[in-house]
Amino acid sequence: MYFCERSGFMDKIINIAVIAHVDAGKSTLVDAMLKQTGTFSEREEVVEQVMDSDTIERERGITIYSKNCSIRYKGYKINIVDTPGHADFSSEVERIMKTVDTVILLVDSAEGPMPQTRFVLEKSLEVGLKPILFINKIDKKDARANTVVDMTFDLFLSLNATDEQLNFPIIYGIAREGIARKELTDTNNDLTPLLDLIVETVKPYEGNINDPLQMQVSSLAYDEYIGRLGIGRITKGCIKVGEEIAVARVDGSIEKTRVTKLFINEGIKRVEVKEAYYGDIVTVAGISDISIGETICDKDHIEPMDMIHIEEPTLSMNFLVNSSPFAGRTGKFVTIRHIKDRLDRELETNVGLKVEPLEGLDGYKVYGRGELHLSILLENMRREGYELSVSKPEVILKEIDGVTCEPFEKVIITLPDEYSGTVINALNERKGMMESIESNEGYTKLVYLVPTRGIIGYRSTFINTTKGEGIMVKSFHSYMPYVGKIQGRKNGVLVSMENGKTMGFSLWNLEDRGTLIVKPATEVYIGMIVGIHNRIEDLNVNPCKNKQLTNTRASGSDDAITLTPPKTFTLEEALEFIEDDELVEITPDDIRLRKKTLDPKLRFKENGKSE
C-alpha cells in the first residue's frame with residue numbers, strides 16, 4: 001500500500017496482465033473492465049478496443065504494443081497490462097511478466113488453447129504467477145467450455161506447473177458483452193465475479209516506504225519533447241521527481257542521474273505526479289539512454305535485479321536504398337542516412353529488433369521475430385514517407401551441439417474435408433511433419449511442425465487452395481535440425497523489358513501467359529514484375545505495346561477489350577511472394593515488385609541460361 005497524493009489515502013495495488021492467443025478478446029475484456037468500473041464519464045465517447053490506439057492496430061484488429069491502464073475497485077488500484085497475442089510480438093509479453101502479480105489467461109470456448117496460448121502461459125508460469133483462467137465466448141454455437149478447461153489443464157501439466165498453479169480459478173464469460181460468471185449456469189450480466197476474484201485471490205503488493213528505491217525497466221516509450229521513457233514497477237521504496245538516482249546498466253556499470261518527470265496510470269491516461277511508491281507501474285523521464293532490464297536504484301543502495309531475457313530473432317531482411325528508376329518520386333526520406341535514423345529510432349523502443357550494416361551495399365540487415373514483426377515496421381515507415389527496397393525474408397540458422405538448426409513453426413489448420421488432401425501434400429513438400437489430424441462435421445483440423453522457410457509464402461497458396469474457407473494459425477515452436485533444400489515458388493514471373501505505360505491491348509494478349517498484377521496505364525520500368533507466369537521460368541514481356549492503327553477493318557477484331565482484374569498484393573503478401581533474386585519496392589503510394597538486376601542482359605549472364 002502507499003499514499004496516493006491524488007486521492008489522499010493509502011492505495012492497495014494489484015498489477016495484472018491479460019494474455020492470450022491473437023483474437024481471443026483481450027482488448028475487448030479490458031474495454032469492459034474500464035467501462036464497468038466507472039473509468040469513463042457518462043458523456044465521454046468511447047471507441048471499441050480503446051487500448052489499441054495505434055492506427056495499424058485499429059486497421060488490423062490486433063494488439064501490437066503492450067499498454068498500461070488502471071481501474072479502481074473496492075479500494076484497490078488495479079493496473080492492467082494489455083498484451084499482444086501474435087507470436088511476432090511475444091517480446092512485448094516476455095518483458096512485462098516481472099511487473100505483474102497475476103495474469104488473466106483468455107481461452108476461446110470453442111477453439112481451446114492455441115500455439116501462442118502455450119507461449120504466453122509458459123512465460124507466466126516460469127516467473128511463478130498463478131493465472132486466472134477466463135473461458136471466453138461461451139455464447140458460441142460450438143462452445144465446449146468444460147472440454148476446453150480440461151485441455152487447458154493438460155497444457156498446464158505439460159508446462160510443469162506447480163500444484164498451486166494447477167489449482168487455478170476459472171471464470172466463464174463473454175468479453176464483448178462484459179459478462180463474467182463463476183459457473184456456466186449463473187445469470188449475472190456484469191464483470192463483478194471476475195473483479196471480486198482478483199481482489200480476493202491476489203494479494204496487494206507489499207513493501208515499506210522507507211526501503212531504498214529499486215525499479216526495473218521492463219518497457220520503453222519515446223516522447224518527442226522529453227525523450228526516451230522507462231516504464232516498470234517499483235519493487236522497493238519510492239521515487240521522487242528531482243532526486244538523484246543510480247542506474248545499474250546492462251554492462252555492469254553504474255551511472256548517476258536525476259528524475260525529471262514521473263507519470264502513473266489513471267484510467268487510460270498518463271498522469272504526471274511528484275512521487276510514486278512500491279507496487280505501482282510508473283513511467284520515468286530523465287535517463288536518455290535507459291534500456292530494457294536496467295535497474296533504477298537509490299544512489300546509496302545499489303541492488304541490480306536479474307536482467308530480462310528476450311528471445312532471439314528468427315528472421316532477417318535487407319532494407320536497401322530504393323535504386324529503381326522511380327526512386328524519389330513520392331517519398332520524402334530516401335537516403336541511407338534517413339533509413340539509418342529511422343531504424344535507430346525504432347531500436348529505442350522495439351527490443352525484439354536487431355540491425356546490422358550491410359557490407360558493400362547501401363542498406364541494413366534487420367532481424368526480427370517474424371514476417372509480421374518486420375512488415376509492421378515497414379508499413380509504419382511507408383506511411384511516414386520513407387522509400388526503400390527490401391529483400392526476401394531469410395531464416396536465421398543456429399549451431400546447437402554441433403548441428404545446424406533452423407526455426408520451426410507450429411501450424412494449426414482448420415479447413416473443409418475436401419481440401420485436406422491438397423494441403424497435406426503441400427505441407428509435406430515443404431518438409432512439414434504432421435503431429436495430428438482430426439475430422440469433425442465436415443471439417444479437418446491439422447497440426448503440423450513446418451520449417452519457417454517452408455511456411456513463408458504459403459499463405460496465399462493456402463487461401464486459393466481452400467477457396468478462402470481455411471483458417472491457418474502459426475507460431476514459432478523451436479529450433480530443429482536443418483532439413484535441406486525446400487522447393488520455393490512454382491511459378492516464374494512476367495518481367496517488363498520496356499519503360500513506359502502499360503497498354504490494355506498488350507495486357508490483354510499477356511493474359512494467356514499468366515496472372516497480371518498491373519492495370520492499364522500503369523507506369524512500369526525495365527526489370528519491374530508485371531505478372532505471374534503460368535510456367536516455372538521467368539518471361540520478359542512488353543506490356544507497353546499498343547495496337548497498330550491501320551485503315552483495314554475486320555469483323556470482330558475491334559471489339560472492346562475486357563481485362564481480368566489484376567491481382568493486388570498487400571505488403572505481407574509481396575514479401576512472401578518474392579524469390580531471392582527479387583525485391584519489394586516500398587513507397588508511400590505504391591508497392592512494386594522488381595528484379596534485383598533490372599537489365600535483362602545482365603540477368604541472363606547472372607543466371608547462366610536463357611530466361
### Task
Assess whether atom NZ of Lys545 is packed by more than 12 heavy atoms of other residues, nucleotides or ligands within 6.0 Å.
no
### Query
Can you list every pair that meets salt bridge (Lys or Arg N to Asp or Glu O under 4.0 Å) and has a residue in residues 493-511, with sequence neighbours left out?
none
### Message
Determine whether a donor-acceptor pair (N or O, by modelled atom type, separation under 3.5 Å) exists between the side chain of Asn425 and the backbone of Gly421.
### Response
no
### Task
Using a strict cut-off of less than 4.0 Å between a Lys/Arg side-chain nitrogen and an Asp/Glu carboxylate oxygen, indicate whether Arg592 and Asp590 qualify as a salt bridge.
yes
### Message
What I'd like to find out is whether the side chain of His338 reaches to under 4.5 Å of the side chain of Leu388, using heavy atoms alone.
### Response
no
### Task
Might you point out which heavy atoms bring Leu575 and Ile578 nearest each other, and give the distance in Å?
O-CG1, 3.6 Å
### Message
If we check side-chain hydrogen bond (donor to acceptor under 3.5 Å, both in side chains) with Asp581, which of these qualifies: Lys596, Lys595, Arg603, Lys392?
### Response
Lys595
### Summary
Between the CD atom in Glu573 and the CD1 atom in Ile463, the distance rounded to the nearest 0.5 Å is 6.5 Å
### Task
Check the side chains of Glu438 and Thr444 for a donor-acceptor pair under 3.5 angstrom, ignoring hydrogens and angles.
no
### Query
How about Lys519: does its NZ atom have over 12 heavy atoms from other parts shown lying under 6.0 Å from it?
no
### Message
Under 6.0 Å from the ring centre and within 45 degrees of the ring axis: does the NZ or CZ of Arg459 meet both conditions for the six-membered ring of Phe462?
### Response
no
### Query
Under 4.0 Å between a Lys/Arg side-chain N and an Asp/Glu carboxylate O for Glu384 and Lys332?
no
### Task
Calculate, to the nearest 0.5 Å, the distance between atoms OG1 and CG belonging to Thr152 and Leu121 respectively.
8.5 Å
### Query
Taking the side chain from Ser496 and the backbone from Val524, do they hold a donor-acceptor pair closer than 3.5 Å?
no
## Note on the structure
Here the pair of heavy atoms bringing Val250 nearest to Ile292 is CG2-O, 4.3 Å
### Query
Does the side chain of Leu415 reach to within under 4.5 Å of the side chain of Ile471, using non-hydrogen atoms?
no
### Task
Working to the nearest 0.5 Å, report the span between CG of Leu320 and OH of Tyr364.
11.5 Å
### Query
Between CD of Glu572 and CZ of Phe577, what distance do you get to the nearest 0.5 Å?
16.0 Å
### Query
Should Arg594 and Glu582 count as an ion pair when the cut-off is N to O under 4.0 Å?
no
#### Entry: More than 12 heavy atoms of other groups within 6.0 Å of Arg535 CZ
no
### Message
Are Ser219 and Leu229 packed together at the side-chain level, in the sense that at least one heavy-atom pair is separated by less than 4.5 angstrom?
### Response
no
### Query
Is Tyr482 close to Cys405 at the side-chain level, that is, under 4.5 Å between some pair of heavy atoms?
no
### Query
So which heavy atom on Pro113 is nearest to which on Val107, and how close?
N-CG1, 3.7 Å
### Message
Please report the interatomic distance CG(Asn546) to OG1(Thr502), rounded to the nearest 0.5 Å.
### Response
11.0 Å
### Task
For the pair Arg249 and Asp289, find out whether any cationic side-chain nitrogen is under 4.0 Å from an anionic carboxylate oxygen.
yes
### Message
Is any side-chain heavy atom of Thr465 closer than 4.5 Å to one of Thr461?
### Response
yes
### Task
Would you tell me whether Glu585 and Ser389 have side-chain atoms, one donor and one acceptor, within less than 3.5 Å of each other?
no
### Message
What verdict does the side chain to side chain donor-acceptor pair (under 3.5 Å) test give for Glu399 and Thr404, after you've listed the backbone C-alpha separation in whole Å, the side-chain angles of each residue and the deciding distance to 0.1 Å?
### Response
CA-CA 5 Å; Glu399 287 281 332; Thr404 301; 2.8 Å; yes
#### Entry: Any Val366 side-chain heavy atom under 4.5 Å of Lys354 side chain
no
### Task
For residues Met381 and Phe319, determine if any side-chain heavy atom of one lies less than 4.5 Å from a side-chain heavy atom of the other.
yes
### Query
Just by distance, with hydrogens left out, do Tyr448 and Glu409 show a side-chain donor and acceptor under 3.5 Å apart?
no
### Task
Indicate whether the side chain of Tyr367 and that of Glu394 have a donor and an acceptor atom separated by less than 3.5 Å.
no
### Query
For Lys340 and Asp344, what are the C-alpha separation, side-chain angles and deciding distance, and is it a salt bridge (charged side-chain N to carboxylate O under 4.0 Å, His left out)?
CA-CA 6 Å; Lys340 181 183 185 302; Asp344 286 345; 2.9 Å; yes
### Message
Between Glu387 and Thr587, is there a side-chain donor-acceptor contact under 3.5 Å, judged purely by atom types and distance?
### Response
no
### Message
I need the single residue from Ile532, Ile529, Val493 that forms a side-chain contact (heavy atoms from CB on, under 4.5 Å) with Leu593. Which is it?
### Response
Ile529
### Query
Taking only residues at least two apart or on different chains, which pairs with a member in residues 382-408 satisfy ring pair (Phe, Tyr, Trp, His ring centres under 6.0 Å)?
Phe333-Tyr386
### Nearest heavy atoms of Val483 and Lys431, plus distance in Å
O-NZ, 3.1 Å
### Query
Would you say the side chain of Asn68 lies within less than 4.5 Å of the side chain of Thr99, judging by non-hydrogen atoms?
no
### Task
List the steps and the verdict of side chain to side chain contact (heavy atoms under 4.5 Å, CB included) for Tyr458 and Val423.
CA-CA 10 Å; Tyr458 178 61; Val423 170; 3.6 Å; yes
### Query
What distance do Met114 atom CE and Lys474 atom NZ have between them, rounded to the nearest 0.5 Å?
13.0 Å
### Message
Is the positively charged end of Lys567 above the ring of Phe569, judged by distance under 6.0 angstrom from the centroid and angle within 45° of the axis?
### Response
yes
### Message
If you count every heavy atom of other residues, nucleotides or ligands that lies below 6.0 Å from Arg513 atom CZ, does the total exceed 12?
### Response
no
### Query
Less than 4.0 Å between a side-chain N and a carboxylate O, is that true for Asp341 and Arg345?
no
